Engineer: 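Once you've had a glance at the structure underneath, I'll fire off some questions.
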Protein chains: 2
Amino acid sequence: MQLETATIKTIADTIGLSLTTVSRVLNGVAKKYRISKATEERVLAEADRLGYIPNQAARNLRLKKSFAIGLVIPNLANPFFANIVSVVNQVLHERGYSVILTDCNEEEKLEIEAVNALSARNMDGMIVIPSGRGKKHLELLRQKRTPVVFIDRYFEDLAIPYVATNHYDGALKITEYLIANGHRKIACLQGSNHVMPNIKRVQGYIDAMKGHGHDPFYIGGNGFTFESGYLETKLLMQRSERPTAILALSDTILLGSLKALAEDGYRVPEDISIATFDNSVYLDFLACPVTSVSQPVTDIATIAIKLLLDKIEQQSTSGLTEQEKILISPAIIYRSSIASIP
Amino acid sequence: MQLETATIKTIADTIGLSLTTVSRVLNGVAKKYRISKATEERVLAEADRLGYIPNQAARNLRLKKSFAIGLVIPNLANPFFANIVSVVNQVLHERGYSVILTDCNEEEKLEIEAVNALSARNMDGMIVIPSGRGKKHLELLRQKRTPVVFIDRYFEDLAIPYVATNHYDGALKITEYLIANGHRKIACLQGSNHVMPNIKRVQGYIDAMKGHGHDPFYIGGNGFTFESGYLETKLLMQRSERPTAILALSDTILLGSLKALAEDGYRVPEDISIATFDNSVYLDFLACPVTSVSQPVTDIATIAIKLLLDKIEQQSTSGLTEQEKILISPAIIYRSSIASIP
DNA sequence: GTGAAAGCGCTAACAG
DNA sequence: CTGTTAGCGCTTTCAC
């Protein structure tokens, strides 16, 4: 059992053939060059015996293709993103690509570093969920002709395709549902106020309220975090005019909000109604199961990959067509966290 | 704005210096070769102007070092693993390594493919949470001298370091806590019965029962899944002799179990007590907050990386020392899901 | 049917 | 203080 890694040269030497022939056999183009069956089998047998694994760095350098897709996401600890990564990973591996992951911890600085690092590694394509507002690092990728697609978060003014939930639509519908149940004092607990999903969701909330002749009651919070939900709810319930319902713009915010409500002795939905985004699996098992907007994660990931691989394979320099800005309308999963009030 | 990617040669040509000098400056060893400040600045300025990013494939090929760590995990949709990946990612990026991720969907076949693919990409090291029972693909890595460390799941008979929760200890303690609260009919809902964490946890349960003079009441289930928890609980509650307590060996199992209990009208903890492993953040917000064994994820990930980077940097061929099998005792987080019974 | 040789971008002796 | 050169492992013209 040799300790040296087997290379094409090792194989060529041991069976007395040239590098070229070995390479051809190993690349499955034997018949194209009319290499004899006997030779082919000898090569294959020897490669197997030596446990030959092609050196990807060399292929990468030579072919200017890495068979790898970069994945840049804000935060893996958030189950919503973890799910996306899980699906993306699976589909990509089936197609023979490796996935290089970076978790940016919602920091723009890390995102820029990540994009550059991936660029250095010659990604064949990238899927990014931007953490920040900056776009320059993303535009640089166009220079390098690296196909990119956004998932979930996106920039409308960039010529980069995106696939996302129709956040506006989801927020509009769920707010209207609250209104239909008699709620007027609906507080909206937002996430990071610069990212598109949040902007669209807040807009949906506002438009639903206004559309039914109400002023938006309250918009607060500053991150898709447990802490933001907790603090904001604590503050909210101190106000002279309390809400009858809370719309949390993510499940992480929801959990923080629920903790604050429980601490202060408010019951859901008797004292206050609540609704959320993301539809995490545990919503069914909370003290009061929570009605939620459900994002079509699998669909989003699958479509995004299809878009990306199309771009990679055809390398079309054609402009952005209308189909490449894709929004998928979410479903609402009704549970028991919303009470009808007079 | 040029479309061609800048290389060291591009820079050298435009400012009329040699590749070597440019390379040296860019690698930060300018002073070592006493390159003049002026030259250094010209190089840096030009690199910046051209948006130069070093080609990692070339470095990799040349240095036989990829500055990348392979991460092989069973299933990202499981928040416990997602957390590990999140922490690992963060620490590794701080140290200048990229992370190549593979989600094996708990399938051994995918795990083997993943390990080989990563091997082809010359990983400097690998962190793996094995999905399967097979070890051959892991042993091959030793040939290539690729450092590996296991997290969470491990093989005791392999000369590969591991860092994991002391699963046995956690199960023992929480079972004893149930017994101390008067429970005798404690059902254990297990995960994949071939993986080490499960085996150790079940053993802890058995030993706690026997240690207090009781026979293990019931052991069932076949995976760390929602479905297994659900089905097993349904079956369990049909038995003539019902348990007074359930020990779910993961939070995913717990959620399934809770769903079954709720469907059949059992209240926690009035009708039945329950305890779990993993301590997911949402446990606090369930209908009844659930007492749980809390795994020290951050510690585990941090220690594992330290071990791995040590191995990578010193390339010690020394044998496995005692410190390289590390088990960390978990804490128990007490909530209100366990009732005292007479 | 098979092989020789060039070159992808980079680093590191070795040579001044 | 700076440059020349070889070579990492692979694919691919071009040649026989």
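Small disclaimer: the values here were computed from a predicted structure and weren't measured. Basis for what follows: all heavy atoms, side chains included, without hydrogens, waters or symmetry-related copies. Proteins get letters first, then strands, A, B, ... in listed order; numbering begins at 1 in each.
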Engineer: Is the shortest distance from a Lys or Arg side-chain nitrogen in B:Glu139 or B:Lys136 to a carboxylate oxygen in the other one below 4.0 Å?
Structural biologist: no
Engineer: Please work out which residues in residues 18-35 of chain B have a non-hydrogen atom less than 4.0 Å from an atom of DNA chain C and list them by number.
Structural biologist: B:Thr20, B:Ser23, B:Arg24, B:Asn27
Engineer: Taking the nucleotide of DNA chain D with the closest heavy atom to each, which residue, B:Ser36 or A:Asn55, is nearer the 5' end?
Structural biologist: B:Ser36
Engineer: Do the charged groups of B:Arg34 and B:Glu40 touch, with an N to O distance under 4.0 Å?
Structural biologist: no
Engineer: Just the rounded figure in Å: distance from C1' of D:dG3 to CD1 of B:Ile8.
Structural biologist: 14 Å
Engineer: Using the test salt bridge (charged side-chain N to carboxylate O under 4.0 Å, His left out), find all partners of B:Glu156 that sit at least two apart in sequence or belong to another chain.
Structural biologist: B:Lys200
Engineer: Does any residue of residues 57-70 of chain B have a heavy atom under 4.0 Å from DNA chain D, and if so, which ones, in number order?
Structural biologist: B:Leu61, B:Arg62, B:Lys64
Engineer: Could A:Glu111 and A:Arg133 be called an ion pair, given the rule that one side-chain N must be under 4.0 Å from one carboxylate O?
Structural biologist: no
Engineer: Could you state the atom-to-atom distance from CD1 of A:Ile11 to P of D:dG9 in whole Å?
Structural biologist: 13 Å
Engineer: Excluding sequence neighbours, so at least two apart, what forms salt bridge (charged side-chain N to carboxylate O under 4.0 Å, His left out) with A:Lys306?
Structural biologist: A:Asp310
Engineer: Not counting sequence neighbours, which residues clear ring pair (Phe, Tyr, Trp, His ring centres under 6.0 Å) with B:Tyr154? List them please.
Structural biologist: B:Tyr162
Engineer: For residues 73-87 of chain A, which side-chain donor-acceptor pairs fall under 3.5 Å, sequence neighbours excluded?
Structural biologist:
unit_1  : atom_1 : unit_2   : atom_2 : d
A:Asn75 : OD1    : A:Ala77  : N      : 3.0
A:Asn78 : OD1    : A:Phe80  : N      : 2.9
A:Ser86 : OG     : B:Asp103 : OD2    : 3.2

Engineer: Please say which of A:Leu308, A:Ile300, A:Ile127 ends up in a side-chain contact (heavy atoms from CB on, under 4.5 Å) with A:Val163.
Structural biologist: A:Ile300
Engineer: Taking side-chain contact (heavy atoms from CB on, under 4.5 Å) as the criterion, tell me which of A:Leu110, A:Val115, A:Leu118 meets it with A:Thr102.
Structural biologist: A:Leu118
Engineer: Could you give the angle between the helix axes at the two ends of the helix from C:dG1-D:dC16 to C:dG16-D:dC1, with five pairs per end, rounded to 10 degrees?
Structural biologist: 40°
Engineer: Sequence neighbours left out, what passes ring pair (Phe, Tyr, Trp, His ring centres under 6.0 Å) with A:Phe150? Give chain and number order.
Structural biologist: A:Phe155
Engineer: Who pairs with B:Ile53 by side-chain contact (heavy atoms from CB on, under 4.5 Å), at least two apart in sequence or on another chain?
Structural biologist: A:Asn116, A:Ser119, A:Ala120
Engineer: On DNA chain C, reading 5' to 3', which nucleotide is the first and which the last to sit with an atom under 4.0 Å from a heavy atom of chain B, could you check?
Structural biologist: C:dG9 to C:dC14
Engineer: List for me each residue that meets salt bridge (charged side-chain N to carboxylate O under 4.0 Å, His left out) alongside B:Lys32, sequence neighbours excluded, and say none if there are none.
Structural biologist: none
Engineer: Kindly list each side-chain donor-acceptor pair under 3.5 angstrom involving residues 18-27 of chain A, sequence neighbours excluded, with atom names and distances?
Structural biologist:
unit_1  : atom_1 : unit_2  : atom_2 : d
A:Ser18 : OG     : A:Thr20 : N      : 3.4
A:Ser18 : OG     : A:Thr21 : N      : 3.3
A:Ser18 : OG     : A:Thr21 : OG1    : 3.2
A:Ser23 : OG     : A:Asn27 : ND2    : 3.3
A:Asn27 : ND2    : A:Ser23 : O      : 2.9

